[in-house]
Amino acid sequence: MIEKETRIESLHKVDKKRRCFQIREVLNNNKDGMTAREISKALGFSERNYVAPRLTEMKIRGEVEVIGKSYDYETDRMVAVYKLKEVA
């Protein structure tokens, strides 16, 4: 129960619109696409989880798309590369 309460409290502290705006700005300046970790670092965050949930929401809304994979040396895994979706 406490974990659920703290997750909800944390969620309410995040300014989602502002974070999405920041992500759009970073991706707009990088036409080749970026990983969640790269976007986080460009925004001055040390943890990819500052942007990953917003990227998921933006993908669902059709604002960003996954254009490929890239190797993440910190996790030793292949990760998604995101790009702003072109508006027709």
Side-chain angles (χ1 to χ4, degrees):
M1 184 69 170
I2 290 174
E3 292 99 347
K4 186 175 182 179
E5 289 174 11
T6 58
R7 278 195 311 268
I8 291 170
E9 289 169 5
S10 179
L11 179 64
H12 291 295
K13 286 189 172 194
V14 174
D15 185 344
K16 293 180 186 180
K17 287 183 181 182
R18 182 169 186 266
R19 186 71 48 84
C20 289
F21 176 80
Q22 292 171 322
I23 292 169
R24 275 189 223 93
E25 289 287 304
V26 168
L27 287 174
N28 193 44
N29 292 324
N30 188 314
K31 304 296 183 190
D32 295 329
M34 299 174 78
T35 68
R37 185 174 313 281
E38 291 168 338
I39 296 167
S40 290
K41 287 183 178 182
L43 292 173
F45 301 120
S46 60
E47 182 60 45
R48 70 174 286 286
N49 287 328
Y50 282 96
V51 300
R54 304 299 76 83
L55 283 167
T56 299
E57 293 168 358
M58 292 170 76
K59 183 177 162 222
I60 290 168
R61 288 193 303 264
E63 297 175 40
V64 299
E65 60 186 332
V66 175
I67 61 165
K69 296 188 277 185
S70 179
Y71 184 75
D72 181 17
Y73 289 95
E74 290 188 38
T75 60
D76 192 30
R77 305 273 187 282
M78 295 300 288
V79 296
V81 175
Y82 297 88
K83 183 177 180 181
L84 285 178
K85 203 163 186 182
E86 305 250 344
V87 179

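None of the values given here were measured: they were computed from a predicted structure.
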*Check each of Lys85, Arg54, Arg24 against Glu63 using the side chain to side chain donor-acceptor pair (under 3.5 Å) test, and report the only one that passes.*
Arg24

Mind checking whether [X] and [Y] have side chains closer than 4.5 Å, heavy atoms only?
X	Y	answer
Asp15	Arg19	no
Ile67	Glu65	yes
Leu55	Ile39	yes
Met34	Val26	yes

*For Arg18, look at atom CZ and say whether over 12 heavy atoms of other residues, nucleotides or ligands are found less than 6.0 Å away.*
no

*Taking it one step at a time, do Arg37 and Val79 satisfy side chain to side chain contact (heavy atoms under 4.5 Å, CB included)?*
CA-CA 9 Å; Arg37 185 174 313 281; Val79 296; over 6 Å; no

*Show the numbers, then the answer: is there a side chain to side chain contact (heavy atoms under 4.5 Å, CB included) between Val51 and Leu43?*
CA-CA 9 Å; Val51 300; Leu43 292 173; 3.8 Å; yes

*Dump the intermediate steps for side chain to side chain contact (heavy atoms under 4.5 Å, CB included) on Val66 and Tyr82, then the final yes or no.*
CA-CA 5 Å; Val66 175; Tyr82 297 88; 3.7 Å; yes

*Kindly write out the residues that satisfy side chain to side chain contact (heavy atoms under 4.5 Å, CB included) with Glu25, not counting sequence neighbours, or none if the list is empty.*
Phe21

*Below 4.0 angstrom, N of the basic side chain to O of the carboxylate: do Lys41 and Glu74 qualify?*
yes

*Which value, rounded to the nearest 0.5 Å, describes the distance between Lys83 atom NZ and Asp32 atom CG?*
7.5 Å

